[in-house]
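What follows is one structure encoded as structure tokens, with my remarks underneath.
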Amino acid sequence: MAHLSDPVTILKGVGPARARQFAALNILTLRDLICHFPRGYEDRTKLVPIASLETDVPACFRATVMNTPRTAHIRKGLDLTKVQVADHSGRLNLTFFNSRFAAENLQYGREYIFYGAVTGDFIGYNMTNPVFETLDSAPVTTRRVLPIYPLTAGLSNAAVLKAVTQALAICDAPAEILPESVRREYGILPAQEAYEAIHAPKSMAQAEQAKRRLIFEEFFVFSAGLSLMRAARAEKRTQAYERLELTDFYAALPFTLTGAQQGAVQDIVRDLGRGAPMNRLIQGDVGSGKTMVAAAAAYLAARNGRQCALMAPTEILAEQHFESFSRLFGPLGITVGLLTGSMTAKQKRTAREELEGGTVQVIVGTHALLTEATQFSNLGLVIADEQHRFGVAQRSRLSAKGEDPHLLVMSATPIPRTLALLMYGDLEVSVLNELPPGREQVDTFLVGESYRARINAFIRKHVSEGHQCFVVCPAVEENEELGVKSAMVWADTLQQTVFPDLRIALLHGQMKGAEKEAAMTAFARGEANVMVATTVIEVGVDVPNATLMVVEDADRFGLSQLHQLRGRVGRGKAKSYCILTTHNRNPETLQRLKALCKTTDGFKIAEEDLRLRGPGDFFGSRQSGLPAFRVADLSMDLETLKQAQAASARWIDDHGTEDTPEALALRDRVQELFSRAEGTMN
């Protein structure tokens, strides 16, 4: 018997060239091959009479060859083989291109099983290049449910199927990691049966059963990994903070914290006094006051002789945090430093010297905090703003600059609980679900193009009152196929023909980092009246003077994304508005957008978005924060996810530390998943 760790080259027909093709799909070992699952199936089990074949719908049929195949040489490199076949219901002409196999193997008067799609119209029907097998041969391409695999250049579906079939014949499937009690409770196939059935199902129903087992397994492993990470962290010890009094901090604030903010601060106080590293997520809607909660944590770190590092995703956000922390902490005798990439070499050197010397207690920065040159005197707390903008690896690199420092993560993306468990399953969660006093809700309206003159008049009204406006477009450049407004063209149109007397600024993702920072900073300073932008402003600068957000072609955005964009306004004292425009008349699309007009509760919006669009909208194409699942699809398999999470949590609590074969296999699998996910988890 072969072993799962053996290279694919031990298989018959897999030489160096074929191995290179498999390597392009990250298939190096037999395990990789057996875990290269089909992306779909073709059901070739049902035989259809010729008369019932539908145009362009592939199907299997049984027919007799009615004449000897004739091959014509058309030109160099092109031979056509034609033959007619028939059954009790009708006749059909078949054409094969450059197929010596068909020319030599189709025999007059003999019956075959064919699979292909009819093309043609009332003039005549034809089938091109169908696959075929004799009635007495083993079903390989017909009379079976055929798996369809992800492929790469030079590698055919047949070649992958042949290799997988060989691999399953000479080695066992990956070890069973799901306990029998769990399999019984949820009706899950055993491992060996599932791995065989996913590649060679006897029916579509069996393929679905096998797929469900493997989806459940992936979620079970991931959830178990998070549980084991929590357990390992719980064993770590760190010196408990003793000075946890916040009276001076609260007295320095120009306002009173909301009940939700105070609750989150109490969670942090408990964590810091426990003697184990804190790992907490502050999840709050746009404008819910996460920064002040983080400030309380930074204050406690400083009061206990520890340094705090706050990492922001952009320089402009880092500068805003620096300014607000400096104002707050100055009177409290806490020194705040700044470290960003665009600072001069001398400024950076000074900041790093102060940090290493311990004269700076709170440092605010961007990725510059991660470089080897940045050293701390006594790092005790790491705060990451907008977690899913940073990789897990980056978070770990910053934490490694201290001895098991406390970690506080802030996220302004409301995420349904199911997905939050996946993204942040290793973190304790505090939710901020109240807006601070003085923050008014942003009124949201959905309008069509017929309202254009009124929109323009509304923009002018806000500018005339001394306020600023955002206009968001879905594309950077003109794209006739999409038929949506581009930021570049629309900014030019507004400046040249609509508002020639106003100052229109432009911001988009194709601009260099420094250009983006400069444009946003200038807008924040009030140097432009209207900022035309793409979603690059989704997580961005605080402009309290901006009171109007117009989103062009709003149907092109997800609800959660629109909610984030809407959060760019309403940050000052003046009443703010968000206008969504769309040409789309699709009832479902309009219903989706109207949901945003009815509520400003980010969590309700997130749940609705998940129901309508799946999870991609939260994470973008790379599903930030999630491993690259091989079979599971988060938009389709949420029920299975919930079941697997519940089963995993129970089993880890009861048996996770045992050394049974299942427990050992599960720990190995967790290790493999998280090492594979290192490049994709974000």
Side-chain angles (χ1 to χ4, degrees), residues 1-45 60 99-101 105 112-113 115 129-177 189-215 217-218 628 630-631 665 668-669 672-673 676:
M1 284 289 281
H3 194 272
L4 285 168
S5 59
D6 289 338
V8 289
T9 46
I10 72 164
L11 298 173
K12 191 175 172 186
V14 182
R18 181 53 50 89
R20 280 194 296 276
Q21 291 169 342
F22 276 121
L25 293 169
N26 292 318
I27 298 171
L28 305 175
T29 65
L30 296 187
R31 173 191 279 278
D32 296 335
L33 186 59
I34 289 171
C35 293
H36 184 66
F37 300 120
R39 59 178 173 78
Y41 297 90
E42 285 180 2
D43 188 352
R44 302 183 176 186
T45 57
C60 264
S99 178
R100 181 187 286 184
F101 181 80
N105 286 277
Y112 298 86
I113 306 290
Y115 178 82
N129 290 340
V131 294
F132 61 90
E133 292 171 330
T134 58
L135 270 62
D136 53 2
S137 66
V140 176
T141 56
T142 68
R143 295 161 294 162
R144 64 171 293 174
V145 176
L146 189 79
I148 307 299
Y149 292 95
L151 303 172
T152 189
L155 198 59
S156 68
N157 198 69
V160 175
L161 181 56
K162 186 178 175 185
V164 170
T165 305
Q166 267 196 79
L168 283 169
I170 63 171
C171 75
D172 289 328
E176 178 63 80
I177 58 163
L189 292 180
Q192 186 72 35
E193 191 180 331
Y195 278 92
E196 286 172 2
I198 196 95
H199 293 293
K202 293 183 172 61
S203 65
M204 291 298 282
Q206 193 188 35
E208 279 306 310
Q209 273 186 303
K211 188 178 173 189
R212 182 168 178 268
R213 147 78 203 212
L214 295 168
I215 290 167
E217 181 180 302
E218 280 194 318
R630 280 181 160 133
V631 214
D668 284 348
R669 204 68 147 301
E672 180 208 341
L673 175 71
R676 193 176 87 227

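- Here the closest heavy-atom approach between residue T9 and residue G15 is recorded as CG2-O, 4.5 Å.
- The shortest side-chain heavy-atom distance between I10 and I170 falls under the 4.5 Å cut-off.
- Considering all non-hydrogen atoms of both residues, P174 and A191 come closest at O-CB, 4.0 Å.
- Annotation: the span from I198 atom CD1 to F37 atom CZ amounts to 6.5 Å, rounded to 0.5 Å.
- When atom types are taken as modelled, the side chain of E193 and the backbone of L189 share no donor-acceptor pair closer than 3.5 angstrom.
- The shortest side-chain heavy-atom distance between Y149 and P38 falls under the 4.5 Å cut-off.
- Counting only distance, with no hydrogens or angles, the side chain of E133 and the backbone of V140 share a donor-acceptor pair below 3.5 Å.
- Between S5 and T29 the shortest heavy-atom distance is O-CG2, 3.7 Å.
- Using a 4.0 Å cut-off between charged nitrogen and carboxylate oxygen, R213 and E176 count as a salt-bridge pair.
- Considering CD1 of I34 and NE2 of H199, their distance stands at 6.5 Å, rounded to 0.5 Å.
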Residue pair L155, R18: steps toward the side-chain contact (heavy atoms from CB on, under 4.5 Å) verdict: CA-CA 8 Å; L155 198 59; R18 181 53 50 89; 3.3 Å; yes

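- Within the structure, side-chain hydrogen bond (donor to acceptor under 3.5 Å, both in side chains) pairs that include any residue of residues 152-168 do not occur (at least two apart or interchain).
- Residues L28 and A23 share a closest heavy-atom pair of CD2-CB, 3.8 Å.
- Residues forming a salt bridge (charged side-chain N to carboxylate O under 4.0 Å, His left out) with R144 (at least two apart in sequence, or on another chain): none.
- Looking at heavy atoms from C-beta onward, Y195 lies out of side-chain contact with D172 at the 4.5 angstrom threshold.
- Although no hydrogens or angles enter the test, the distance criterion places no donor-acceptor pair under 3.5 Å between the side chain of R39 and the main chain of L151.
- Side-chain atoms of L30 and H3, non-hydrogen and from C-beta on, never get closer than 4.5 Å to each other.
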Verdict with reasoning, L161 to T141, per side-chain contact (heavy atoms from CB on, under 4.5 Å): CA-CA 10 Å; L161 181 56; T141 56; over 6 Å; no

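- Looking at every heavy atom in both residues, Y41 comes nearest to P201 through CE2-CG, 3.8 Å.
- A distance-only check finds a donor-acceptor pair linking the side chain of H36 to the backbone of P150 [under 3.5 Å].
- Note: E196 CD to L168 CG = 6.0 Å, rounded to the nearest 0.5 Å.
- Shortest non-hydrogen contact noted between C60 and I113 is SG-CG2, 4.4 Å.
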Pair N26-D32, side-chain contact (heavy atoms from CB on, under 4.5 Å): steps then yes or no: CA-CA 7 Å; N26 292 318; D32 296 335; over 6 Å; no

Decide yes or no on side chain to side chain donor-acceptor pair (under 3.5 Å) for R212 and Q209, but give the supporting numbers first. CA-CA 5 Å; R212 182 168 178 268; Q209 273 186 303; over 6 Å; no

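- Looking at residues two or more places apart in sequence or on another chain, you find a side-chain contact (heavy atoms from CB on, under 4.5 Å) between N105 and F101, F132.
- Without hydrogens or angle criteria, Q192 side chain to A173 main chain gives a donor-acceptor distance under 3.5 Å.
- No side-chain heavy atom of R44 sits less than 4.5 Å from a side-chain heavy atom of P139.
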